[in-house]
Amino acid sequence: MNGFLKQFEAPIETFFDKGPEEPKKQVLADILQYANTNPATFKRQLKDIPFDTVNMPWAVILEALAADTDNWGDFFVETLDEIFNKAKQAAKPNAVLDSLLDFNYTEKDEKPFNQKIVDRLMRYMGDENVTIKIAAIKMLPNYLANPSIKNKQQIIDALCSQLNNPNWKVRYVAYASLGYENLLPPGKKLSLKDRVLKLILGDPMFEK
């Protein structure tokens, strides 16, 4: 067992149990201190930790690092790439991609690393893998309220272009994602075909 897991595996496993907030805040502070003490060792030790959305270790780790994005902002970019790369190799890619939800700790941060994240997501939205494409479409609108993002109109235009994608799941997720942000083109409605497919096959926004 590596040093990080030896020290933090137990508190991470119980982090989301009901209980007082102060011990949880202390766990987050301790993880950040551990990370800052020897960043290279910390990053190496994290390689042993899967993107496991059952025990959610990365949810705790990323929440801790979100308190110091001066030092750890670019690590969020690296982790984004790692999640997408792992998902491409996984038998159940959505189980890995669910870890992207943990980026909500930093999506309003105005430091430059978030522009890098947006640029990566724009690239992943062009991926031929439909699951990867959908994950990027879901995530991109979350950054449009961040004043540091310089290419907002380009993002909106790229998302709107997915409304005509040949794959109905991509069309549906683009429609839902834009709709949440009130960014749908005027008069745009979801087609009857896509509404029927959603009823029959399930909502692709929440596929597991």
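- Residues passing the side-chain contact (heavy atoms from CB on, under 4.5 Å) test with A87, sequence neighbours excluded: P93, V96, L97, I132.
- Between W58 and F103, the ring centre distance reaches or exceeds 6.0 Å.
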Which donor-acceptor pairs under 3.5 Å do the side chains of residues 191-203 make with protein atoms, sequence neighbours left out?
unit_1 : atom_1 : unit_2 : atom_2 : d
S191   : OG     : D194   : N      : 3.1
S191   : OG     : D194   : OD2    : 3.4
D194   : OD1    : R171   : NH2    : 2.7
D194   : OD2    : R171   : NE     : 2.9
R195   : NE     : L190   : O      : 3.3
D203   : OD1    : M205   : N      : 2.8

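- In the hydrophobic cluster analysis, where Ile, Leu, Val, Met, Phe, Trp and Tyr join through side-chain heavy atoms closer than 4.5 angstrom, L144 is grouped together with Y175.
- Formation of a donor-acceptor pair under 3.5 Å by the N142 side chain with backbone atoms of E107 is not found in this model.
- In this structure, M122 and L140 have side chains that are in contact, with non-hydrogen atoms separated by less than 4.5 Å.
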Test side-chain contact (heavy atoms from CB on, under 4.5 Å) on D68 and F75; report intermediate values, then the result. CA-CA 11 Å; D68 184 11; F75 181 75; over 6 Å; no
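- With values rounded to the nearest 0.5 angstrom, E9 atom CD is found 5.0 Å from E13 atom CD.
- Under the salt bridge (Lys or Arg N to Asp or Glu O under 4.0 Å) criterion, the residue pairs touching residues 119-138 are D81-R120, D81-R123, K88-D127, with sequence neighbours excluded.
- With values rounded to the nearest 0.5 angstrom, K47 atom NZ is found 9.0 Å from K43 atom NZ.
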Show me, pair by pair, the donor-acceptor contacts under 3.5 angstrom made by side chains of residues 24-32, not counting sequence neighbours?
unit_1 : atom_1 : unit_2 : atom_2 : d
K24    : NZ     : F15    : O      : 3.2
K24    : NZ     : D17    : O      : 2.9
Q26    : NE2    : D30    : OD1    : 2.8

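- Shortest non-hydrogen contact noted between I137 and P141 is O-CD, 3.0 Å.
- Taking the six-membered ring where tryptophan is involved, the planes of F8 and Y34 are perpendicular, since the angle between them exceeds 60° and thus also 30°.
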Derivation and outcome, side-chain contact (heavy atoms from CB on, under 4.5 Å), residues K208 and K92: CA-CA 8 Å; K208 294 295 182 183; K92 295 182 178 180; over 6 Å; no
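- Residues passing the side chain to side chain donor-acceptor pair (under 3.5 Å) test with Y105 are E63, sequence neighbours excluded.
- One distance of note links OG of S99 with CG of N94; it measures 11.5 Å at 0.5 Å rounding.
- By the 6.0 Å contact criterion, CD on Q33 is open, its count of non-hydrogen atoms from other residues, nucleotides or ligands being 12 or less.
- Side-chain N/O atoms of Q115 and N146 include no donor and acceptor closer than 3.5 Å.
- Residues I61 and I49 have side chains in contact (heavy-atom distance under 4.5 Å, counting atoms from C-beta outward).
- The closest side-chain heavy-atom distance from K116 to F76 is not below 4.5 Å.
- Taking the side chain as every heavy atom from C-beta outward, L80 and V77 never approach each other to under 4.5 Å.
- The heavy-atom pair separating T106 from A66 by the smallest distance is CG2-CB, 3.6 Å.
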Acceptor/donor pairs from residues 155-165 side chains to any protein atom, 3.5 angstrom cut, sequence neighbours excluded:
unit_1 : atom_1 : unit_2 : atom_2 : d
D157   : OD1    : Q153   : NE2    : 2.9
S161   : OG     : A158   : O      : 2.6
Q162   : OE1    : N165   : ND2    : 3.1
N165   : OD1    : N167   : N      : 2.9

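- Residue K152 places its NZ atom among more than 12 non-hydrogen atoms of other residues, nucleotides or ligands, all under 6.0 Å distant.
- No side-chain N or O of D109 forms a donor-acceptor pair with one of N114 less than 3.5 Å apart.
- A distance of 5.0 Å separates CH2 in W72 from CZ in F42, rounded to the nearest 0.5 Å.
- Residue T79 holds its OG1 atom at 12.0 Å from NZ of K86, rounded to the nearest 0.5 Å.
- In this structure, P147 and E110 have side chains that are in contact, with non-hydrogen atoms separated by less than 4.5 Å.
- The CG atom of L62 sits 11.5 Å away from the CG atom of L101 when rounded to the nearest 0.5 Å.
- Side chains of L121 and F84 form a contact here, defined as non-hydrogen atoms less than 4.5 Å apart.
- Screening D98, I83, D102 for a side chain to side chain contact (heavy atoms under 4.5 Å, CB included) involving F51 leaves a single residue, I83.
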